[in-house]
Every structure is written in C-alpha cells, then in structure tokens.
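Right, I'll just put the structure down here and ask away after.
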Amino acid sequence: MYIPKKIPIFAKKYPEPIMEITPKGLAALTGGIVEGDENARITGFAKIEEAGEGDLSFIANPKYEHFIHTTKATAVLVGKDFNPGGEYKATLIRVSDPYATLADLMRYVDSLKPQPEGIEQPVFIAEGVEIPEKAYIGAFSYIGKGVRLGKNVKIYPQVYLGEGVQVGDDTIIRSGVKIYEGCRIGNRCIIHSGCIIGADGFGFAPEDGKYKKIPQTGIVVIEDDVEIGANTTVDRATFGQTVVGEGTKLDNLIQVAHNVTIGKNNVFASQTGIAGSTHIGDGNMVGGQCGFAGHITVGDFNEFGAQSGIPKNVGNHKRLMGYPAVDYMQFAKSQVYIKNLGQLYSELKNNRNNETTHS
C-alpha cells in the first residue's frame with residue numbers, strides 16, 4: 001500500500017468572531033448606502049426576527065418588513081426603495097438586491113475560514129495515486145487504483161472512491177459519500193454526506209417468470225459547479241453515461257436513474273424521482289416530491305409545482321402542477337371545483353328529492 005508523505009492538518013475550529021466589520025466597510029464592499037451608524041460593530045449574520053447586537057440581517061420579502069421596528073440587529077440590508085415608516089433602531093444599508101448581496105457576503109466570509117489540508121490516518125490510498133498540494137483526505141477514506149484528484153480537493157472521512165474515479169479541482173466530498181468505479185466529478189462540486197454516485201441502475205429482464213440482472217456498464221458524469229444534497233443517489237448508465245449538467249443543484253433524497261441526462265442550471269427540491277433514460281433540459285425549477293416518467297423529454301426553463309407527476313414530454317417555458325401535471329391555472333381551477341364538489345352534490349341531491357316529492 002502506498003501512503004504519500006503526510007502533510008500537517010490545520011485545526012478545523014473556526015476563530016470567533018467569524019468576521020468583524022462596520023456598515024461603512026460593508027457599503028464599500030457592496031456598493032451600498034448607509035443610513036445610521038456607519039461605525040457600528042458587526043460580527044455575524046442572523047434572521048431579522050432573531051438577530052441581536054452585532055448581527056447583520058436583511059429584508060428581501062415584503063412580509064418581513066414589519067420586523068424592522070422590533071429587530072435587535074445592528075444593521076439590515078434593504079432595497080434601495082425600502083420605506084420603513086415609524087421608528088426603528090437598526091442601521092440600514094441600501095443595496096440593489098438584499099438577498100443576493102447577503103449571499104455574496106456570506107460566501108466572502110466563508111472563504112476566510114481556514115481549510116483542512118493533508119492526509120489523516122488511517123486511510124487507504126492505492127499505489128500510484130497522486131495527492132495534490134492543499135488536498136485533504138480524511139480518516140478511514142478509501143482511494144482506489146487509478147483515481148485522479150484535482151487541486152485543492154477536500155475528501156472528508158469515510159469516503160469511498162472506486163477504481164478510476166476522477167474528481168476535479170476545488171471539489172468537496174463530504175463524509176460517507178460513495179463514488180463507484182469510473183465515475184467523473186467536475187470542478188467546484190459539492191457532494192454531501194450519504195450520496196451514492198454510480199450504483200447500478202434498475203435494469204432487469206423478465207425471463208421464465210424471473211428477473212435477470214442486466215449488467216450496468218456505463219458511468220456517471222457530474223459536470224462543473226454541481227451541488228448534490230445528502231442521501232441523493234445517481235445511478236450509473238446501462239451503457240454510456242448518466243449526466244448531471246453544469247451548475248445544476250440537487251436537494252437531499254433525490255433519485256436519478258440510469259441514463260438520465262440533466263442539463264445546465266436546473267434546481268430540484270427534495271424527494272424528486274427521475275426514471276430511466278429521461279432527458280431534462282436547462283434552467284428548470286422542480287418542486288419537492290415530483291416524479292418524472294422514464295423515456296420522456298423535458299425542455300428548458302419550466303417550473304413544476306411540488307408533488308407534480310410528469311408522465312409525458314414537456315416543451316419550454318411551462319408552469320405545471322398536479323398529477324398528471326397540467327398548466328398551473330388549469331390546476332388552480334380544478335382545485336376550486338374539487339373543493340366545491342360536496343356542496344354541489346348536496347344541492348343536486350336536494351333538487352332530486354324535491355322533484356320526487358312534487359311528482
């Protein structure tokens with residue numbers, strides 16, 4: 001067994017506070033305008049209704065605007081046209097998009113945290129596998145023969161990388177992830193704990209009253225900037241590739257079956273299932289617990305409400321809900337009709353009773 005030279009590992013505890021800045025400094029970073037104490041001390045982030053002294057919060061949704069009068073936050077990111085009315089104590093930082101600005105600030109602060117490096121023990125690393133500088137391999141991980149790791153990868157404890165797996169630069173693979181042989185992971189991906197990438201697709205052929213396994217000989221390709229939530233599974237192709245496209249985000253507990261192709265910059269909420277050989281385009285937004293039938297094609301920039309069932313092909317720029325999924329306006333009307341069915345039935349029954357009485 002080949003064990004590369006051990007590199008010291010940074011402590012994983014983050015210093016407190018995670019940041020310290022003033023509204024004036026934040027305005028310089030974000031292009032915002034300060035209204036209030038520009039020299040106040042900000043040390044962290046918090047929700048508007050839970051924030052305390054030293055916290056930075058934000059208001060992006062009108063239904064939270066009333067919290068400006070009660071919040072204990074030191075500073076609040078708000079839109080340029082925000083009108084608080086009444087009394088408030090927080091310093092306002094006016095920006096074009098409070099939510100996007102907060103996200104940028106949180107990413108910036110997160111980038112300041114020290115990152116783990118080096119190789120913890122015990123691990124198994126197959127002979128000939130090169131460990132790049134600034135990489136991190138957590139304890140009890142298994143790195144198989146022919147694995148290729150990019151720069152600055154972070155492999156947390158108890159990860160399994162099968163033979164021939166490729167992992168791109170700056171990718172983070174969290175504890176307990178299993179990536180089967182031959183699969184390819186792109187740059188800047190995040191794969192959360194419990195994910196299984198490359199397990200066999202559900203392929204069986206009926207023969208003489210039994211089901212015989214069809215070997216699954218393909219791979220999984222995860223393109224750049226993909227994030228995959230905890231306990232999500234992406235099955236390897238029967239042959240060829242199962243593909244999750246660049247920039248796509250998968251929530252927890254999602255099933256992607258064999259030979260599925262998902263395009264770029266899609267978002268899928270939890271418990272969605274995509275059956276085999278389905279092709280999904282770019283820019284789709286999928287609510288939780290949606291189900292896609294196999295061997296269908298879904299176009300670009302569609303929106304699917306939670307618990308929708310998609311049994312057939314879908315074009316582009318659709319908003320669908322229900323099972324089977326229909327246009328959201330049609331679905332809303334149907335729900336109104338269903339809600340009134342009891343009353344309509346009672347009226348119909350009464351009318352029939354009256355007709356019988358008078359006959």
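On a predicted model such as this, the values are computed, not experimentally measured, just so you know. Along the sequence shown, the residues carry numbers beginning at 1.
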query: Do R107 and D110 meet the salt-bridge criterion of a basic N to acidic O distance under 4.0 Å?
result: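 Salt bridge between D110 and R107, a charged N being under 4.0 Å from a carboxylate O: no.
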
- request: Could you note down all residue pairs passing ring-ring contact (aromatic ring centres under 6.0 Å, His included) where residues 308-340 supplies at least one of them, sequence neighbours left out?
  value: F301-H317

message: Is the distance from the ring center of Y156 to that of Y136 below 6.0 Å?
response: yes

task: May I ask you to decide if the ring planes of Y180 and Y160 are parallel, tilted or perpendicular, using 30° and 60° as cut-offs?
output: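 Ring orientation, 0 to 90° scale: perpendicular.
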
- prompt: For the side chain of S270 and the backbone of N252, is there at least one donor-acceptor N/O pair under 3.5 Å apart?
  reply: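 Such a contact is found between S270 side chain and N252 backbone.
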
- prompt: Thinking salt bridges, do E117 and K134 make one under a 4.0 Å N-O criterion?
  reply: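 Looking at K134 together with E117, the answer is no, because their closest N to O distance does not fall below 4.0 Å.
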
R188/D225 salt bridge by N-O under 4.0 Å criterion: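 Looking at R188 together with D225, the answer is yes, because their closest N to O distance falls below 4.0 Å.
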
statement: Test side chain to side chain donor-acceptor pair (under 3.5 Å), reference H258, set T238, D235, T242, output is T238

message: Tell me whether N302 contacts the main-chain N or O of V298 through its side chain, where contact means a donor paired with an acceptor under 3.5 Å.
response: no

- prompt: Are the side chains of I179 and I173 in touch, meaning some heavy atoms are under 4.5 Å apart?
  reply: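 Counting from C-beta outward, I179 and I173 do come under 4.5 Å.
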
message: Does either side chain, that of N152 or that of K154, offer a donor lying less than 3.5 Å from an acceptor on the other one?
response: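 Yes - a donor-acceptor pair under 3.5 Å links their side chains.
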
query: Once the angle between the rings of F204 and F202 is folded into 0 to 90°, is it parallel (under 30°), tilted (30 to 60°) or perpendicular (over 60°)?
result: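 Perpendicular, since the angle between the ring planes exceeds 60°.
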
message: Let's go through F268 and I280 carefully: what are the C-alpha distance in whole Å and the side-chain angles of both, what is the deciding distance for side chain to side chain contact (heavy atoms under 4.5 Å, CB included) to 0.1 Å, and is it a yes or a no?
response: CA-CA 11 Å; F268 292 81; I280 296 177; 4.0 Å; yes

query: Does E303 pair with R319 as a salt bridge, N-O distance under 4.0 Å?
result: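 A salt bridge is present here (some side-chain N lies under 4.0 Å from a carboxylate O).
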
- prompt: Would K151 and E133 pass as an ion pair if we require N to O under 4.0 Å?
  reply: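 Judged by the 4.0 Å cut-off on N to carboxylate O distance, K151 and E133 do not form a salt bridge.
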
task: Supply the atom-to-atom distance C195 SG to L250 CG, rounded to the nearest 0.5 angstrom.
output: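 Spacing of SG (C195) from CG (L250) equals 8.5 Å.
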
query: Looking at I191, V159, V153, N187, which hits side-chain contact (heavy atoms from CB on, under 4.5 Å) with V167?
result: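 The residue from I191, V159, V153, N187 that satisfies side-chain contact (heavy atoms from CB on, under 4.5 Å) with V167 turns out to be V153.
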
task: Could you tell me the separation between the CD1 atom of I185 and the CG atom of L149, rounded to the nearest 0.5 Å?
output: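 I185 CD1 to L149 CG: 11.5 Å, rounded to 0.5 Å.
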
- prompt: If you draw a 6.0 Å radius around NZ in K72, do more than 12 non-hydrogen atoms from other residues or ligands fall strictly inside?
  reply: no

task: Evaluate the criterion side chain to side chain contact (heavy atoms under 4.5 Å, CB included) for residue pair L26 and L56; output intermediate values, then yes/no.
output: CA-CA 10 Å; L26 285 174; L56 172 69; 3.9 Å; yes

- prompt: Are any side-chain N or O atoms of T71 and backbone N or O atoms of A51, one a donor and one an acceptor, separated by less than 3.5 Å?
  reply: no

field: Whether over 12 other heavy atoms sit under 6.0 Å from E49 CD
entry: yes

message: With a 3.5 Å distance limit and no angle check, can you tell me whether S193 reaches the backbone of N231 through a side-chain donor-acceptor pair?
response: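 No, the answer is negative, given that no donor and acceptor are paired below the 3.5 Å cut-off.
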
field: Check: N265/D282 side-chain N/O donor and acceptor closer than 3.5 Å
entry: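 Result is no, nothing qualifies.
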
field: F292/F304 under ring pair (Phe, Tyr, Trp, His ring centres under 6.0 Å): CA gap, chis, key distance, verdict
entry: CA-CA 11 Å; F292 292 82; F304 299 93; 5.4 Å; yes

query: Does any donor atom in the side chain of E20 or T43 lie under 3.5 Å from an acceptor atom in the other side chain?
result: no

- request: Could you pull out all residues at least two apart from D200 that satisfy salt bridge (Lys or Arg N to Asp or Glu O under 4.0 Å)?
  value: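 Checked D200 against salt bridge (Lys or Arg N to Asp or Glu O under 4.0 Å); matches are K213.
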
message: With a 4.0 Å cut-off on N to O distance, would you call E35 and R94 a salt bridge?
response: yes

message: Would you say M285 ends up clustered with I254 if hydrophobic residues are merged whenever their side chains have heavy atoms under 4.5 Å apart, either directly or through other cluster members?
response: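 Cluster IDs for I254 and M285 differ.
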
query: At their closest point, which heavy atom of E120 faces which heavy atom of P157, and how far apart are they?
result: OE1-CG, 4.2 Å

